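Computed from a predicted model, the values in this text were never measured in an experiment.
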Amino acid sequence: MLIKTDLLLMAIERYNPRESEPYWRKVWDEKKLFETDNDDPRPKYYVLEMFPYPSGRIHIGHVRNYAMGDVIARYKRARGYNVLHPMGWDAFGMPAENAAMQNKVHPRDWTYRNIDMMRAQLKSMGLSLDWSREFATCDVEYYHHQQHLFLDFLEHGLVYRKQSKVNWDPIDQTVLANEQVVDGRGWRSGALVEQRELTQWFFKITDFSQELLEALDDLDQWPEKVRLMQKNWIGRSEGLHMHWQIVPETSQSDETSLAVYTTRPDTVFGASFMAIAADHPLAISAAEDNTDLAAFCDACRRIGTSVAALETAEKEGFDTDIKVRHPFDPDWFLPVYVANFVLMDYGTGAIFGCPSGDQRDLDFANKYGLPVVAVVMPEGNDATSFQITEEAYVDDGVMINSQFLDGMTPKDAFDEVANRLEAIEIDGQPQAQRETNYRLRDWGISRQRYWGCPIPVVHCETCGVIPVAKADLPVRLPDDIDFEKPGNPLDRHPTWRDVACPQCGENAKRETDTMDTFVDSSWYFARFTAPWQDAPTDPAAADDWLPVDQYIGGVEHAILHLLYSRFFTRAMRIAGHVDLKEPFKGLFTQGMVVHETYRGKDGWLMPSEVRVEEDAGRRRAFCLDSGDEVDIGSIEKMSKSKRNVVDSDEIVESCGADTARFFMLSDSPPERDVIWTEAGVDGAHRFVQRVWRLLSEAAPALEGVEPNPARQGQAVEISRAAHKALKAVGEDLEKLSFNKAIARMHELVNTLQAPLTTAAAGKADVATLAALKDAVCILVSIMAPMTPHLSEECYRTIGRTKLVAETDWPVFDQELVTDDTITLPVQINGKKRGDLTIARDADQLTVEKAVLELAVVQTALAGKTPRKIIVVPQRIVNVVV
RNA sequence: GCCCCUGUGGCGGAACUGGUAGACGCGUUGGAUUCAAAAUCCAAUUUCUUCGGAAGUGUCGGUUCGAGUCCGACCGGGGGCACCA
């Protein structure tokens, strides 16, 4: 008696991912299932995850990112698309140089070694990637074509050189990025950082300011948040470029007028001072014979170094004694100050200050005893008594104390001032012009570093800057370099650096700057469409595949990477490499994976070094090695410094790739952060095992059965559940709602559990078996994008000969997803009081009649007639008493 | 400081265009199985309750037959930008 169930259970082995997963990956590989043919006539779908930096290990955050992309890729493939799903490496950058300095490893060796390790890790996840298109941005074949693009952009006037300030570390003799400057000191050397003027290369992204802004409106498959961030970053403002005449006897400069940019010309009668940047020509000339002013200007320039200093610096100014004349009142003179908060590189480097309408100007005026005249007041106040003292008024209202503007709205006053000044001529030009300004700056791409794409130009003393001929590309990075000395190794590599001028043949020097690594990632998506091409792109292939249908990555790239890629697409179009406007049609920004932190007495510990116990409701953590108790810290973004990282190998090793993938997609909506917990992994693992157990137990009973959904009898519930789940999962995956799709899978398994157990015991009838077989095939198919290995294993077990990866997405039966009777909730005065089960197509009157017969309704009415009955078809009934 | 997003059980989260709040999972509790445990299965699980019900989606108000969803104010959490004239 006991024997038969026991034997059955014992005969079923647990699903062993360590054996199954490598097996199925080999099967897919051998069939080259995921290698994409550009000439395949089916409709194309390009899904791409932001490629990783080869830091050495794939961590669980990558797993989440790539699992999402893979679900989409596998789903779209099953839906009959020709899917492109490539992978590569964002392989240039500083960590390789840091490793070279610390460990005496060549950056190239370090990078390629990391790539090898990470490729193996990615492969163990079972991603449906086309590995035949793989490349790293540090491959000569890749940066060769990037140099080609640079030269094309140069020809089309999209690249130029100009002097620009950089953060210079005098000990390391290197340029630092802003985030490498901590409290005004270099992060590595600790030296005080200097501002240096270097001639650097720039891409003219500002040529496209307006277009990049406008085109955001059409990116309707992008998160609203990202579009808004880009919009703010571009920062368009509309204002007036206006000239203030300088009173000649107050200035030694030849300039006769001071140009300012303002977005509030309406407040011109509230002006009480002018403020100019320390680098403004007027400031420089005034400082020539005023040592105090010169000292002040120097102090302003120094403060520009660190972000922290900027934030805390007090608003300060210095009176130049120069005066300007008010444009509408020849007897009104205003002082010109040099101020530390005015930037030379925005607008004209000069402003007029209206203290009543701007808090900063008000603080400044109060500090230096300058007049404060209110010019805009909130509607309904009394103009004679309205005053501004400590708080500026910046909102809409009505103009006061402004002569001909009095009574107007600020908007009308803006136009009136603009119109009047445009009509006045001084020095042969209008006194003002309407002007649109953008916050967006040109993209400085010069980096004084070794491990990057060399900028392909030569500097010749006689001929100037000479581009390397395209036929002479690539300009390769030299291999024999040393990092023993500070500074850029390219700069002190004579045999690489010293060349003959391509034009005159005389001695010349190569450009030793390399490109910002954001350049590398600005066009890789285009290269993937034809990575074998002996040109940056194969335009036909690029136009066929692009834009990327679904791009997935972290929100931290919302601005720079995405904006640069949008610029590159436009520039490449001008150079004839692609013919499209936008690179990414659909964008999805996934949340981070976060984890608890653990801190022992010797510093941070990794989750794998810690054992967590629950003790009387309190969680305590202990170091595995020493047994000492450690502190459980806050939940934070996984980072090397806090050591709260989970490596993909660890988890694939212990539970298998499917479990890791499944967990990363469960519970939390994909755009939100997800907390990595042991309990969560266990839950996912349990589900994987449960599905396997149920299916493999029932497999002998189902093996020879032809799948056939039930139309009647008890088995119809099985078929209804399966087809409803199929429909819902399809809709969820289209919306990238992976967590909801998983909930539907759980529901289906819950429904199938009892009948599958019955079938396994040999007690199911023919109709049920056929319905079950149909349901099980559906279950395996809808799970396959998330748990591809398990699904193949299940598919084989139930007697299917094809691979799931080669099987089309099943089609749901419309009849099975619509119920013929529905249960309507019945409310009385908006509160639910009962249910009414009625035919789906029952008309309003029938429903009303049936509702009135319900006992709850009768009691509530107590013989009276209802005031109103609201019937929302298929939804709800509300009886108002 | 400015801009944006967000707030639902012990926890992660569902709830389509205003229509049964808490799907699904985790955790917890009870039970079955077991010599015992693990695993598994079954049941319960928003709170209060006089067991009839009542309250409930950050707080307070509004619109509506009906509000987690819409509007206004406030409070908390997260993010972006930050001398941008």
Side-chain angles (χ1 to χ4, degrees), chain A residues 2 5-6 9 14 223-233 235-237 239-240 260-264 267 275 277 303-304 307 310-311 313-315 339-343 345-354 357-361 364 394 437-441 555-556 558-559 614 617 663 666-669 671-675 677-684 686-687 689-690 693 731 735 737 739-750 753-754 757 823-835 866-881:
Chain A
L2 278 169
T5 44
D6 269 77
L9 285 177
R14 277 171 71 82
E224 191 54 49
K225 181 168 105 170
V226 174
R227 291 198 279 173
L228 190 71
M229 279 162 72
Q230 293 216 349
K231 192 179 164 203
N232 292 339
W233 187 261
R236 181 190 153 107
S237 70
L240 206 61
V260 307
Y261 175 72
T262 178
T263 56
R264 294 295 302 273
T267 65
I303 227 165
V307 182
L310 272 179
E311 275 168 14
E314 201 173 333
K315 312 289 171 270
N340 63 355
F341 57 85
V342 179
L343 304 173
D345 53 357
Y346 184 79
T348 60
I351 62 164
F352 78 77
C354 171
D358 182 289
Q359 192 59 45
R360 193 188 50 204
D361 291 348
F364 190 86
V394 295
N437 253 309
Y438 299 88
R439 215 186 66 110
L440 183 68
R441 298 296 147 74
V555 73
E556 65 271 22
I559 297 174
E614 188 140 342
F663 172 50
S666 302
D667 293 343
S668 291
E671 67 278 8
R672 228 178 279 181
D673 288 353
V674 62
I675 305 172
T677 60
E678 284 305 312
V681 186
D682 292 346
R686 251 199 316 271
F687 183 71
Q689 290 293 349
R690 184 171 163 221
R693 188 166 23 79
E731 288 164 359
K735 289 183 286 190
S737 300
N739 57 323
K740 288 194 252 168
I742 284 177
R744 302 285 88 81
M745 294 172 200
H746 276 287
E747 275 174 339
L748 179 56
V749 172
N750 288 344
Q753 171 142 338
T757 312
T823 302
L824 288 176
V826 177
Q827 295 182 329
I828 293 165
N829 292 339
K831 298 246 193 267
K832 198 209 160 190
R833 281 300 128 94
D835 291 300
R867 297 223 324 256
K868 205 171 179 184
I869 301 179
I870 294 144
V871 177
V872 184
Q874 325 272 313
R875 270 283 141 88
I876 202 164
V877 184
N878 191 8
V879 183
V880 186
V881 180

Tell me the stems RNA chain B sits in, counting at least three consecutive Watson-Crick or G-U wobble pairs, each under 3.5 Å on both distances. B:1-7 with B:75-81, B:10-12 with B:24-26, B:27-32 with B:40-45, B:46-48 with B:53-55, B:58-62 with B:70-74

When rounded to the nearest Å, what value does the distance between C1' atoms of B:A23 and B:G61 take? 32 Å

If you find the nucleotide of RNA chain B closest to A:Asn232 and the one closest to A:Met229, which residue's nucleotide is nearer the 5' end? A:Asn232

Using whole Å, report how far CD of A:Glu678 lies from C1' of B:G12. 16 Å

What nucleic acid atoms does A:Ser666 come within less than 4.0 Å of, heavy atoms only: base, sugar-phosphate, or nothing? nothing

N/O-N/O pairs, protein side and nucleotides 41-50 of chain B side, under 3.5 Å:
residue : atom : partner  : partner atom : Å
B:C41   : OP1  : A:Arg690 : NE           : 3.3
B:C41   : O3'  : A:Gln753 : NE2          : 3.4

With nearest nucleotides of RNA chain B determined for A:Asp682 and A:Ile675 from heavy-atom distances, which residue corresponds to the more 5′ nucleotide? A:Ile675

Which of B:C4, B:C65, B:G27 is nearest the side chain of A:Val880? It is B:C65

Using whole Å, report how far CZ of A:Arg227 lies from P of B:C5. 13 Å

Can you check the distance between B:C48 and B:C2, where both ends of the measurement are the P atom (answer in whole Å)? 43 Å

Straight-line distance of A:Asp361 CG to A:Lys315 NZ, nearest 0.5 Å: 11.0 Å

CD of A:Glu731 versus C1' of B:A14: gap in Å, rounded? 15 Å

Compare side-chain N and O positions of A:Arg672 against OP1 and OP2 of B:G13 and report whether any pair is under 4.0 Å apart. yes

Euclidean distance, atom CD of residue A:Glu671 to atom C1' of B:C5 [Å, nearest integer]: 11 Å

Between B:U63 and B:A54, how many Å separate the two C1' atoms, rounded to a whole number? 26 Å

Any base atoms under 4.0 Å from A:Arg441, or only sugar-phosphate, or nothing? Heavy atoms, all strands. base

CZ (A:Arg690) and CD (A:Gln753) are apart, to the nearest 0.5 Å, by 4.5 Å

Determine the interatomic distance between C1' on B:C24 and the same-named atom on B:G30; round to the nearest Å. 22 Å

Given atom CG of A:Leu343 and atom P of B:A82, what is their separation to the nearest angstrom? 11 Å

Mind calculating the distance between CZ (A:Arg14) and C1' (B:A39) to the nearest angstrom? 7 Å

Could you check whether any side-chain heavy atom of A:Ile828 comes within less than 4.5 Å of a side-chain heavy atom of A:Val881, counting everything from C-beta outward? yes

Give me the atom names and distance for the closest heavy-atom approach of A:Phe687 to A:Val749. CZ-CG2, 3.7 Å

Tell me which nucleotide among B:A82, B:A85, B:C4 gets nearest to the side chain of A:Leu228. B:C4

Between A:Asp358 (CG) and B:C83 (P), how many Å, whole number? 14 Å

Can you tell me which nucleotide in B:A55, B:A82, B:G13 comes closest to the side chain of A:Pro669? B:G13

Between A:Ala277 and A:Leu343, which heavy-atom pair has the shortest distance, and what is it? CB-C, 4.0 Å

CD of A:Gln874 to CG of A:Leu824: how many Å apart, nearest 0.5 Å? 8.0 Å

Between A:Tyr261 and B:A85, is there a side-chain N or O to OP1/OP2 distance below 4.0 Å? no

Separation between the P atoms of B:U45 and B:U34, rounded to whole Å: 28 Å

From the candidates B:C26, B:C83, B:C65, the one with an atom nearest any side-chain atom of A:Ala679 is B:C26

Pairwise P distance for B:U6 and B:G18, with rounding to whole Å: 16 Å

How would you label the contact of A:Ser237 with the nucleic acid (heavy atoms, under 4.0 Å): base, sugar-phosphate, or nothing? sugar-phosphate

Can you find a heavy atom in the side chain of A:Asn739 that is under 4.5 Å from one in the side chain of A:Arg672? no

Is there a donor-acceptor pair closer than 3.5 Å between any side-chain N or O of A:Asn437 and the backbone N or O of A:Ser237? no

Atom P, compared across B:G76 and B:G25: separation rounded to whole Å: 37 Å

According to a strict under-4.0 Å criterion, is A:Arg686 in side-chain N/O contact with OP1 or OP2 of B:C26? yes

Taking all non-hydrogen atoms of both residues into account, name the closest pair between A:Phe341 and A:Phe364 and its distance. CE2-CD1, 3.4 Å

Which nucleotide in the list B:A39, B:C81, B:A85 gets nearest to the side chain of A:Tyr346? B:A85

Nucleotide by nucleotide, 5' to 3', does protein get under 4.0 Å of the base (B), only the sugar-phosphate (S), or neither (-) in nucleotides 19-24 of chain B, counting heavy atoms? BB--BS

Whole-Å distance, A:Tyr438 OH to B:C81 C1', equals 19 Å

Select one nucleotide: of B:G80, B:C65, B:C83, the one nearest the side-chain heavy atoms of A:Lys315. B:C83

Please check: side-chain N/O of A:Asp358 versus main-chain N/O of A:Gly353, any donor-acceptor pairing under 3.5 Å? no

Quick check on side chain to side chain contact (heavy atoms under 4.5 Å, CB included): which of A:Val879, A:Val880, A:Asn878 does A:Lys868 satisfy it with? A:Val880

Give one of base, sugar-phosphate or nothing for A:Val674, where a contact means two heavy atoms less than 4.0 Å apart. nothing

If I pick the P atom on B:G68 and the same atom on B:U8, what distance separates them, to the nearest angstrom? 14 Å

